[in-house]
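Shown next, in structure tokens, is the structure this report addresses.
These numbers come from the heavy atoms of this one structure, side chains and all, not from hydrogens, waters or symmetry mates. Just so we're on the same page: letters track the sequence lines, and every chain starts at 1.
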Number of protein chains: 2
Amino acid sequence: MSEALDTLTKNQQTVLDILESAKEPLKAYAILFDTQKKGIKAPLQVYRALDKLIEIGKVHKIESKNSYIACKHKSCDAGTSTSFLICEICDLVTELKKNVSSYFSKQSAEVNFSYSKHNLEIYGICNNCKINN
Amino acid sequence: MSEALDTLTKNQQTVLDILESAKEPLKAYAILFDTQKKGIKAPLQVYRALDKLIEIGKVHKIESKNSYIACKHKSCDAGTSTSFLICEICDLVTELKKNVSSYFSKQSAEVNFSYSKHNLEIYGICNNCKINN
DNA sequence: AACGTAATGTTATAATATAACATATTTTAA
DNA sequence: TTAAAATATGTTATATTATAACATTACGTT
């Protein structure tokens, strides 16, 4: 029997805690800095925890920012597709909740490409910044 | 009067030539290696050429692969949105020609987000690999 | 020609990420 | 219940990706 999906090890939980309490996506070395008081000492410990958290869908990587963010969804498709809205003013990142995979699957099929997964990073201005600027 | 958009400097042309003749996206240090016989000696020279080429829309960066690819389109929106289909088997990368910006703009508006630009990286299996595997 | 702008050349270093290996912990299954 | 297998850890070193800083050169504009 494989372990329960919600059982995290100490380092994994430490890294997830930091990401969940962060308002913006964090870079790996920022996570390292923040977790040094909790016993994490080397970059590799952070990257290993991130790898696992990404694999189980608790964390996503924002490729264009080399940053990591905790998933707010109940259960995300583990380690697969992501769709983000990234504010160019305040750096707020939110996940696009609407499922866009079927649209991409259709678009891909039109050029004989079998869709498997995607990363989507949309840049623009969030509602809050629209109001305050 | 500003210079013509199609006037590239020596280094820029050298880097673009390499990318245009490459079958897959190239990493910056692979470009450096390939261009050393043509006088480019340091990473910064490659990155500077890439920056300019990206700015004028001749080259795109594939964020999830830290790689660069020449744009095959006549004229791409300079330095803005990109949509790629990336084959997980052969690494072939093609640009999605269909304009998906309006779809994203609409999806974004639904959550009060003002769309500005996007990066889309779709992973899957290309037609050729489907046939040969 | 003199100026402003952009590109270049060069060295050094910052930022991001992984290799390699020894050890410890947990899970599984005989 | 314990030995084997799998997973996670700790640690040092190093690979990979990208930029800072500064001096110099080329080039278009007036």
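When atom types are taken as modelled, the side chain of A/Gln12 and the backbone of A/Leu8 share no donor-acceptor pair closer than 3.5 angstrom.
When rounded to the nearest whole Å, the span between CG of B/Asp51 and C1' of D/dT17 equals 13 Å. With rounding to whole Å, A/Lys61 atom NZ is found 11 Å from D/dT17 atom C1'. Between the CD atom of A/Glu55 and the C1' atom of D/dA8 there is a distance of 13 Å, given to the nearest Å. To the nearest angstrom, P of D/dA18 lies 12 Å from CD of A/Glu63. Here the C1' atom of nucleotide C/dT10 and the CG atom of B/Asn11 are 13 Å apart, to the nearest Å. Note: CG (A/Leu44) to P (C/dA20) measures 12 Å, nearest angstrom. As a whole-Å value, the separation of A/Lys10 NZ from D/dT9 P is 9 Å. Protein atom CG of A/Leu8 is 14 Å distant from nucleotide atom C1' of D/dT7, rounded to whole Å.
The phosphate of C/dA7 (OP1 or OP2) has a side-chain N or O of B/Lys52 nearer than 4.0 angstrom. Of the side-chain N and O atoms in A/Asn66, none sit less than 4.0 angstrom from OP1 or OP2 of D/dA18. Contact annotation: B/Lys27 side-chain N/O to C/dA17 OP1/OP2 distance is not under 4.0 Å. Phosphate proximity of D/dT11 to A/Gln45: absent, as no side-chain N or O sits under 4.0 Å from OP1 or OP2. Residue A/Lys41 places at least one side-chain N or O under 4.0 Å from the OP1 or OP2 atom of D/dT11. An OP1 or OP2 oxygen of C/dA15 is reached within less than 4.0 angstrom by no side-chain nitrogen or oxygen of A/Tyr47. Residue A/Thr9 places at least one side-chain N or O under 4.0 Å from the OP1 or OP2 atom of D/dT9. Distances shown here put a side-chain N or O of A/Tyr68 below 4.0 Å from the OP1 or OP2 atom of C/dA17.
On a pure distance criterion of 3.5 Å, a polar donor-acceptor pair joins the side chain of A/Tyr29 and the base of C/dA17.
Ionic pairing of A/Glu63 and A/Lys65 is not present here: no N-O contact between side-chain nitrogen and carboxylate oxygen is shorter than 4.0 angstrom.
Between the side chains of B/His118 and B/Ser83, at least one donor N or O lies within less than 3.5 Å of an accepting N or O.
A side-chain hydrogen bond (donor to acceptor under 3.5 Å, both in side chains) with A/Tyr115 is found for exactly one of A/Ser108, A/Ser102, A/Ser105, A/Ser81, namely A/Ser81.
Along DNA chain D, the nucleotide nearest A/Ala49 and the nucleotide nearest A/Pro43 are compared for position; the residue whose nucleotide lies closer to the 5' end is A/Ala49.
Taking the side chain as every heavy atom from C-beta outward, B/Tyr68 and B/Val15 never approach each other to under 4.5 Å.
Following chains of ILVMFWY side-chain contacts shorter than 4.5 Å, one can reach A/Ile56 starting from A/Ile54, so the two form part of one hydrophobic cluster.
The side chain of B/Gln12 lies closest to C/dA7 when the candidates are C/dA7, C/dG9, C/dT11. When the nucleotides C/dT8, D/dG10, D/dA18 are ranked by their closest atom to the side chain of B/Arg48, C/dT8 comes out on top.
Within 4.0 Å of B/Lys65, counting heavy atoms only, lies no atom of the nucleic acid at all.
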